[in-house]
Each structure stands twice: as C-alpha cells, then as structure tokens.
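Any value given below was found using the heavy atoms of this structure, including those in side chains, with hydrogens, waters and symmetry copies removed. This is a predicted model, so every value here is computed, not measured. A, B, ... follow the sequence lines: proteins, then strands. Residue 1 opens every chain.
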Number of protein chains: 2
Amino acid sequence: MVPVQPPLPPPIPPGAVTVPDPVPDRDAEPAAEGALARSQAARRRRVLDATLQLAAAGGFDAVQMRDVAAAADVALGTVYRYFASKERLLLEAMAEQQADLRAYLEVHPPREPTPAARVVSVLRGANHSLREFPDVTAAMVRSFGTAQIENADIVRRVTEIMTGIITSAIHAPERRAATENEVRVARILMQVWLSSLNGWVCGVDGPDRVDDDLAAAAALLLP
Amino acid sequence: MVPVQPPLPPPIPPGAVTVPDPVPDRDAEPAAEGALARSQAARRRRVLDATLQLAAAGGFDAVQMRDVAAAADVALGTVYRYFASKERLLLEAMAEQQADLRAYLEVHPPREPTPAARVVSVLRGANHSLREFPDVTAAMVRSFGTAQIENADIVRRVTEIMTGIITSAIHAPERRAATENEVRVARILMQVWLSSLNGWVCGVDGPDRVDDDLAAAAALLLP
DNA sequence: GCGAAAATCAGAACGTGTTCCAATTCCGAT
DNA sequence: ATCGGAATTGGAACACGTTCTGATTTTCGC
C-alpha cells in the first residue's frame with residue numbers, strides 16, 4: 001500500500017505567516033488588479049492560515065475568533081467581513097484542502113489496475129494525511145456536520161470536490177466523463193467517507209475504521 | 001408505496017406536558033422504587049418533551065436551555081444535572097426516537113419480498129415521519145454532526161439502533177442473526193442515511209434526495 | 001497630490017451555552 | 001416526627017460567537 005505522499009497540505013509551516021502569496025480571492029476569479037485586491041487576498045490568506053494553525057493546536061474549540069483575528073493580525077470585524085461565521089471559516093478551509101487534494105491527484109493519479117483498488121488507494125492516502133492532523137480534521141468535520149442553510153454553497157462545493165475525486169479515481173488514468181452509475185457509486189462512497197470521518201472524530205471509532213469502511217464499500221460497489 | 005404509518009413519534013401532542021408517565025429513567029434499567037426515582041423520571045421526561053416541543057417550533061436554535069428549563073418547569077441547573085449539554089439533550093431525544101422506531105418495526109415488520117424492497121420500505125417510512133417535523137430532524141441531525149468525544153456513547157447507541165433497524169429489515173420477517181456481510185451492508189446504508197439527512201437539513205439537497213440515495217444504495221448493495 | 005469612498009481597526013456590547021453558589025425543599029432512614 | 005444528605009431552585013457569573021459603532025487608514029479616480 002503506497003501512501004500517496006502529500007495529498008492534503010500540512011496545516012501550516014509554523015513560521016512565515018506574514019504577507020503570503022497574492023493569489024486571487026477564490027479559485028476561478030479573474031484575479032482583480034489593484035493593490036486593494038492584493039492586500040485583501042493576503043489578509044484572507046492570513047486568516048485561513050491562522051485558522052489552520054489554531055485548529056492544529058487544539059481543534060474546533062481552539063479556533064476562537066478573537067485569537068484568529070489576533071494571529072492573522074487583523075481586527076475581529078475584518079475576520080467577519082471575509083468569513084461570515086466560524087463555521088464558514090472552517091468550511092472554506094476544508095474546501096481549500098479538498099481542492100488541493102484534487103489538484104495533487106490530477107498530477108499523481110492512482111496507478112492501480114482496478115477501480116476499487118484505485119479508489120481505496122486514493123482515499124487511504126487522503127486519510128493518512130488527515131490522521132496526521134487529527135485536530136484539524138476534527139474541526140473541519142465538525143463544522144461540516146453543523147452546517148446551516150447559509151453555508152449550503154460551501155457544503156455543496158466540498159461534497160462535489162470529494163465526489164469528483166472519487167469518480168476520477170474510479171476511471172483513472174483515462175480521463176472521460178463518468179457514467180451515471182459511477183456517479184451514484186461515488187456519491188455513496190463520499191457519504192460513507194464523511195460518516196466514517198464523523199465517527200472517528202467523535203471518538204466512536206478508531207481512525208482505521210475509516211479505511212476499513214471505505215475498503216468494504218468499495219469492494220461491494222466497484223469491480 | 002405504503003407509508004409505514006407512525007414510525008417516529010410526533011414531537012409532542014402540544015398539550016399535556018405536565019407530569020407525564022413515570023417510566024424508568026433509561027431503557028433497560030430495573031425501575032428503581034421510591035418516589036424520588038419516580039419524580040426524577042418525570043422530570044427527565046418533561047425536559048425531553050420540552051426539548052422536542054421547542055425543536056418542533058424553531059429547530060436547533062429554538063432549543064435554548066433557559067427555555068427548556070422554563071418549559072419543563074425545572075431550574076436550569078437541573079436540566080444540566082440530567083443532560084450534560086444541549087448537544088447531549090438532543091442526542092438522547094434522537095436515541096429515544098430511534099428506539100421507538102425500532103420498537104414499532106418489531107410489531108410491524110416490513111412485508112416486502114426482497115431485502116432491498118424491505119429496507120427501502122422501512123427507511124422511506126422513517127423519512128416520511130422525519131419530514132413531518134423537519135425542524136426536529138434538523139436539530140437532531142445537527143447535534144449528531146457536532147458530536148464530541150464526551151457524547152461518543154450516545155452517538156454509538158444511535159448508530160447501533162439504526163444499523164439494527166436496517167439489518168432487521170434485510171432479513172425480516174424471519175428473525176435470525178445477521179451475517180457479517182449483512183452487517184457491513186447495513187452499516188453502509190446507515191452511513192448513507194445519515195449523510196443524506198445531513199445534506200437535507202443543510203439545505204444542500206431536497207428531502208426526496210434522502211429517499212433516492214437510500215434506494216440507489218439499497219439497489220446496489222442488496223439482492 | 002486631493003478628496004471621496006471603502007476598508008480596517010479597536011473595542012464595547014449582546015445573546016446564549018455553561019458553570020457556580022447559597023438557600024431551600026424533598027426523600028428516606030432512624 | 002425528625003435529622004442528614006441529596007436534589008432542586010433562582011439567579012449571578014463567565015466564555016465565546018457575533019454584531020455594532022465611531023475613529024482611522026488605505027485605495028483609487030481625478
């Protein structure tokens with residue numbers, strides 16, 4: 001079992017949190033020009049980094065909005081200008097993490113011969129990374145489980161990314177549209193994944209259970 | 001599709017909340033004798049009823065501990081003596097609801113000819129009831145999704161009841177031990193169920209999606 | 001450069017979950 | 001009937017997410 005090396009980004013290299021890269025605010029936006037946009041992107045990034053840093057230390061409860069603001073060197077009100085709630089903040093971080101995983105897998109698709117083996121390989125790799133920062137995972141999964149209507153958009157984005165990752169694994173390395181049935185199976189696997197993660201971060205099951213659940217489901221649902 | 005009639009208990013007949021039945025505190029405890037135990041059981045019940053009543057009105061946010069205490073005619077501290085947190089309060093209500101469903105199904109097992117059809121029938125019936133009180137469902141599912149380590153026991157209880165309901169449906173009406181494979185399948189279906197409910201209460205999907213997801217999963221996993 | 005508009009800041013303030021405490025009431029054994 | 005201990009009460013107090021406000025700074029079009 002080759003552990004897919006760096007699927008999820010580490011929650012933060014503990015130094016260098018000031019003035020990171022001037023990426024555009026969200027993925028897919030045409031990179032607004034001025035200095036404002038630049039400093040805003042930097043601020044947003046600092047807030048997200050501070051969030052991950054705090055979550056890595058003590059999980060959901062350690063992500064206190066006043067601390068996030070302080071660590072990001074930003075006023076509390078500014079945090080709320082960028083992220084409408086603590087929940088949203090963590091969900092955006094989760095979406096970013098999943099998007100990073102997807103990007104990584106596009107460069108390093110799984111090589112196993114069968115769909116089931118590929119799916120298991122990808123998800124094991126992801127879980128491996130999640131297990132290295134259990135508190136970050138717990139914070140994100142918990143936010144996911146608490147989600148309200150006002151965050152439906154990010155929740156949807158996260159589930160779509162996860163489903164996309166799984167469908168890609170099903171028919172990787174060939175890149176073609178997924179069949180209707182593949183999408184159904186991928187959705188089920190994503191649901192199993194989320195529920196299983198929830199069971200883990202709640203302390204109901206050990207972390208291995210996540211891998212086991214997914215392996216069992218993949219074996220039953222995929223050739 | 002015969003909607004299984006009253007699988008989940010209605011959140012409360014809006015009247016008659018004072019001094020309900022003196023059932024023993026939890027299921028399976030030998031009904032302690034004295035007046036103390038009796039009044040305690042009544043108190044506990046009032047608190048749970050008040051919780052459901054408030055949840056039915058406005059969901060998770062409407063269940064405010066001070067209001068629960070007032071509605072149950074009990075001091076705030078007493079609520080916390082019985083339920084260590086708001087989350088726990090809602091999870092215990094959820095466990096009770098699921099236990100009621102299980103009890104109902106023992107009397108009215110599904111009659112369909114195939115395991116898949118029986119499972120779909122049972123879960124559709126349950127969903128039908130859940131949809132009648134969406135705010136109650138949302139409150140419970142949300143508590144489930146937020147669960148912490150200190151509530152691992154109830155979370156486990158709930159998942160076990162749900163899994164048990166599904167395994168029973170798989171091989172109902174004959175009552176025998178479930179095979180290892182049936183348990184695996186039941187667990188996957190339970191996870192799909194929970195995830196799907198989460199998607200519904202988050203506003204990501206419509207309520208029909210829950211039925212659809214379960215039907216699709218059952219079709220893929222069961223004969 | 002200059003002025004208007006937007007963004008940010010610092011901090012107060014509010015609501016709700018949770019904890020704590022002193023006073024009181026209730027139960028059960030003597 | 002009474003005493004001791006446990007349960008309950010009413011309410012204050014605290015923590016943290018969230019909102020609000022007025023002052024200050026930054027950005028951009030002129």
Considering only heavy side-chain atoms of B/M65, the closest of C/dA7, C/dG17, D/dG17 is C/dG17

Distance in Å, B/F133 CZ paired with B/L52 CG, rounded so as to fall on 0.5 Å steps:
10.0 Å

Starting at atom NZ of B/K86, determine the distance to atom P of C/dT18, rounded to an integer number of angstrom.
8 Å

Quick one: which of C/dT16, D/dT9, D/dT18 gets closest to the side chain of B/R66?
C/dT16

Whole Å only: how far is the CD atom of A/Q148 from the P atom of D/dG17?
15 Å

Students often get this wrong, so: under 4.0 angstrom with heavy atoms, is B/V68 touching a base, only sugar-phosphate, or nothing?
nothing

From D/dT8, D/dT9, C/dT8, nucleotide with atom closest to A/Y82 side chain
C/dT8

Shortest side-chain distance from B/R81, nucleotide among D/dT18, C/dT8, D/dA7
D/dA7

Could you state the atom-to-atom distance from CG of A/L76 to P of D/dG22 in whole Å?
18 Å

Taking atom P of C/dG15 as reference, at what distance in whole Å does atom CG of B/D61 sit?
15 Å

Side chain of A/T78 only, heavy atoms from C-beta on: which candidate in C/dC9, D/dG17, D/dA7 is closest?
C/dC9

No-hydrogen, no-angle side-chain donor-acceptor test under 3.5 Å, A/R157 and A/Q98:
no

When the distance from CZ of B/R38 to P of C/dC27 is rounded to whole Å, what number comes out?
10 Å

Options C/dT8, C/dT18, D/dA7, nucleotide nearest the side-chain atoms of A/R43
C/dT8

Within this structure, what is the OH-to-P distance between A/Y80 and C/dG11, rounded to whole angstrom?
18 Å

Residues B/W200 and B/D208: side-chain donor-acceptor under 3.5 angstrom:
no

Under the 6.0 Å and 45° cation-pi test, does B/K86 pair with B/F60?
yes

Check: A/A186 main-chain N/O paired with A/T167 side-chain donor or acceptor under 3.5 Å:
no

How long is the line joining CG of B/L89 and P of C/dG17, in whole Å?
11 Å

Given that A/E87 and B/A75 both sit by DNA chain D, which one's nearest nucleotide is further toward the 5' end?
B/A75

Mind checking B/V79 for me? I need base, sugar-phosphate or nothing, with any heavy atom below 4.0 Å counting as a touch.
nothing

Options D/dA7, D/dT18, C/dT16, nucleotide nearest the side-chain atoms of B/Q64:
C/dT16

Separation of C/dA10 atom C1' from A/D73 atom CG, nearest Å, is 13 Å

